[in-house]
Protein chains: 2
Amino acid sequence: MKQTKISEAVVRRLPIYLQVLNELNNREVQTVSSQELGVKLDLNPAQIRKDLAYFGDFGRKGIGYDVTYLIEKIRQILKLDQTINVALVGAGNLGHALCNYNKYSKDNMKIIAVFDVHPSKIGSQINNLTVMPMDMLKQTVEENNIRIGIITVPGFEAQNVANQFIDAGIEGLLNFAPAILKVPEEIRIHHADFTKELLSLAYYLERERDDENEPNLD
Amino acid sequence: MKQTKISEAVVRRLPIYLQVLNELNNREVQTVSSQELGVKLDLNPAQIRKDLAYFGDFGRKGIGYDVTYLIEKIRQILKLDQTINVALVGAGNLGHALCNYNKYSKDNMKIIAVFDVHPSKIGSQINNLTVMPMDMLKQTVEENNIRIGIITVPGFEAQNVANQFIDAGIEGLLNFAPAILKVPEEIRIHHADFTKELLSLAYYLERERDDENEPNLD
DNA sequence: TCCTTTATGTAAAGGCTGGTTCCAAGTATG
DNA sequence: CATACTTGGAACCAGCCTTTACATAAAGGA
């Protein structure tokens with residue numbers, strides 16, 4: 001257990017490990033070796049060991065890793081062992097989808113408040129949450145100890161929403177809007193802009209097709 | 001214009017450049033320097049120049065880049081100058097959101113077919129698309145020259161759907177499901193699993209808050 | 001008990017990608 | 001014609017990621 005700098009790539013793999021471990025746990029597998037994990041994840045076993053070793057000595061030589069123990073440990077690392085409250089701004093289709101997804105999630109991370117800038121949306125129900133106006137944001141964040149904000153508004157509104165989140169004292173942001181957001185150093189921001197993902201995916205297609213395909217959907 | 005290997009990071013920045021350029025274009029800005037772009041994007045100007053130079057000599061010394069010309073070029077690189085047909089499997093909330101988003105998109109990339117594995121969903125309407133059964137997938141992909149598949153099904157169904165897409169001859173996949181998918185070398189797969197993004201975001205929060213939850217940490 | 005097998009944790013090395021600095025060359029402007 | 005500006009490319013640097021290799025520890029069988 002060395003305490004050097006832990007790179008982002010390592011942190012990004014933790015949720016993947018957790019996913020596979022949960023699967024194994026569901027199948028009541030007791031222990032797993034880095035070798036086996038490596039096959040499942042297409043990763044080098046040494047890398048998995050090294051990743052885990054950053055956070056502690058979780059394995060046993062000759063045996064491997066105890067599945068439930070390792071799950072517990074990774075959940076601690078990712079802070080899933082404590083309740084993390086999340087707020088969402090943008091009660092559109094995507095916002096609905098996330099709230100709905102949230103309902104089925106086992107994690108302690110819960111969307112507990114939804115906001116929208118448009119009066120027409122305010123007061124409507126999503127699952128069992130009532131969409132609130134933006135001027136309730138700051139107060140709600142403070143009172144409910146909300147630490148993460150999700151932005152699912154159109155691009156041109158995103159910066160404004162981000163600013164209000166930051167002003168309210170949020171620690172991290174997950175941005176779905178196709179916009180470049182400026183945030184202070186201390187705010188952690190992750191992007192989940194699928195439009196960019198889709199555009200960059202197109203790059204890797206083979207060029208050539210140019211058939212003037214009339215996209216008539218019949 | 002050197003034709004070395006172009007890294008993923010470069011390709012991932014192209015959509016971002018495009019976004020900013022479109023904004024400039026809307027404001028009828030004629031030309032822009034890498035310096036100005038760098039400020040807007042928090043990037044080193046040299047990096048922007050280098051990125052663009054991979055694909056050709058788009059700029060003019062002493063002047064900068066012509067905005068509309070550069071937009072056109074990046075669109076060519078990302079193949080947005082041709083129609084790229086997309087199919088989506090999973091007519092749940094997220095699927096709805098994507099289809100709806102798609103409606104407003106200016107890109108030539110269009111979701112032109114939606115499928116679902118569950119009989120209850122089949123036949124329902126999303127925008128102006130009718131949800132089709134999975135056994136129509138292959139035929140539809142072939143007939144409509146669909147090149148990209150989007151997966152918005154629950155994790156446990158994702159691999160199965162991916163296999164069917166691949167069997168139908170898809171070139172690229174965008175996966176929203178929280179699952180590790182095995183695909184052949186030649187299939188390009190991008191992930192947009194926001195749950196992972198959210199979990200890794202939690203890692204970067206300051207530990208400490210323990211609210212009502214018993215810590216139970218030794 | 002002892003030997004073999006298995007599998008971890010970590011050090012070390014290597015490779016690769018990504019980013020930055022620097023400069024020559026081209027263009028517009030006065 | 002001189003100056004200021006800006007690109008494109010070469011070269012350099014840095015750091016991260018990955019892999020290899022090995023010492024160590026545990027379990028199981030003889």
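Each chain gets a letter, A, B and so on, in the order its sequence line appears, and its residues count up from 1. Keep in mind that this is a model prediction, so the values were computed, not measured.
- In this structure, the NZ atom of B:K73 is 13 Å from the P atom of D:dG8, given to the nearest Å.
- At C:dA7, none of the side-chain N or O atoms of A:Q35 fall inside 4.0 Å of OP1 or OP2 (strictly under the cut-off).
- A sub-4.0 Å separation between OP1 or OP2 of D:dT7 and a side-chain N or O of B:S34 is present.
- Regarding contacts with the backbone of D:dC17, every side-chain N or O of A:Q47 stays at 4.0 angstrom or more from both OP1 and OP2.
- Of all heavy-atom pairs spanning A:A177 and A:V153, the tightest one is CB-O, 3.2 Å.
- For D:dG8, the OP1/OP2 oxygens have no side-chain nitrogen or oxygen of B:R60 closer than 4.0 Å.
- Under 4.0 angstrom from either OP1 or OP2 of D:dC16 there lies no side-chain N or O belonging to A:Y54.
- Backbone-only engagement by B:A9 is indicated by non-hydrogen atom pairs under 4.0 Å involving sugar-phosphate atoms exclusively.
- Classification of B:R12 and B:E8 as a salt-bridged pair holds, one side-chain N sitting under 4.0 Å from a carboxylate O.
- Side-chain N/O atoms of B:N44 include none lying less than 4.0 angstrom from OP1 or OP2 on C:dG19.
- Atom NZ of A:K61 and atom P of D:dG28 are 18 Å apart (whole Å).
- Heavy-atom minimum distance, B:A192 versus B:F176: O-CD2, 3.4 Å.
- Checking the phosphate oxygens (OP1, OP2) of C:dT8, a side-chain nitrogen or oxygen of A:R49 falls inside 4.0 Å.
- Separating the CD1 atom of A:I63 from the C1' atom of D:dT24 is a distance of 14 Å, rounded to the nearest angstrom.
- Contact annotation: A:S7 reaches the phosphate of D:dC17 (side-chain N/O to OP1 or OP2, under 4.0 Å).
- If A:G62 and A:G59 are placed on DNA chain C by their nearest nucleotide, the residue sitting closer to the 5' end is A:G62.
- The two residues A:I48 and A:S34 have their closest heavy-atom pair at CD1-O, 3.9 Å.
- As a whole-Å value, the separation of A:D51 CG from C:dG9 C1' is 13 Å.
- For the pair A:R13 and D:dT18, the criterion of a side-chain N or O lying under 4.0 Å from OP1 or OP2 is met.
- Taking every side-chain heavy atom of A:A53 into account, C:dG9 is the closest of C:dG9, D:dT20, D:dT7.
- Between A:L14 atom CG and A:R75 atom CZ the span is 13.0 Å, to the nearest 0.5 Å.
- When the P atom of C:dG26 is taken as reference, atom CZ of B:F58 falls 20 Å away, rounded to whole Å.
- Comparing A:V10 and B:G64 along DNA chain D, the residue whose closest nucleotide (by nearest heavy atom) sits nearer the 5' end is B:G64.
- Note that CZ of B:R13 is 12.0 Å distant from CD1 of B:I74, once rounded to the nearest 0.5 Å.
- One interatomic measurement links the two molecules: NZ of A:K50 to C1' of C:dG14, which rounds to 12 Å at whole-angstrom precision.
- Atom P of nucleotide D:dT6 and atom CG of B:L70 are separated by 16 Å, given to the nearest angstrom.
- Distance B:L52 CG to D:dT6 C1': 13 Å, rounded to the nearest Å.
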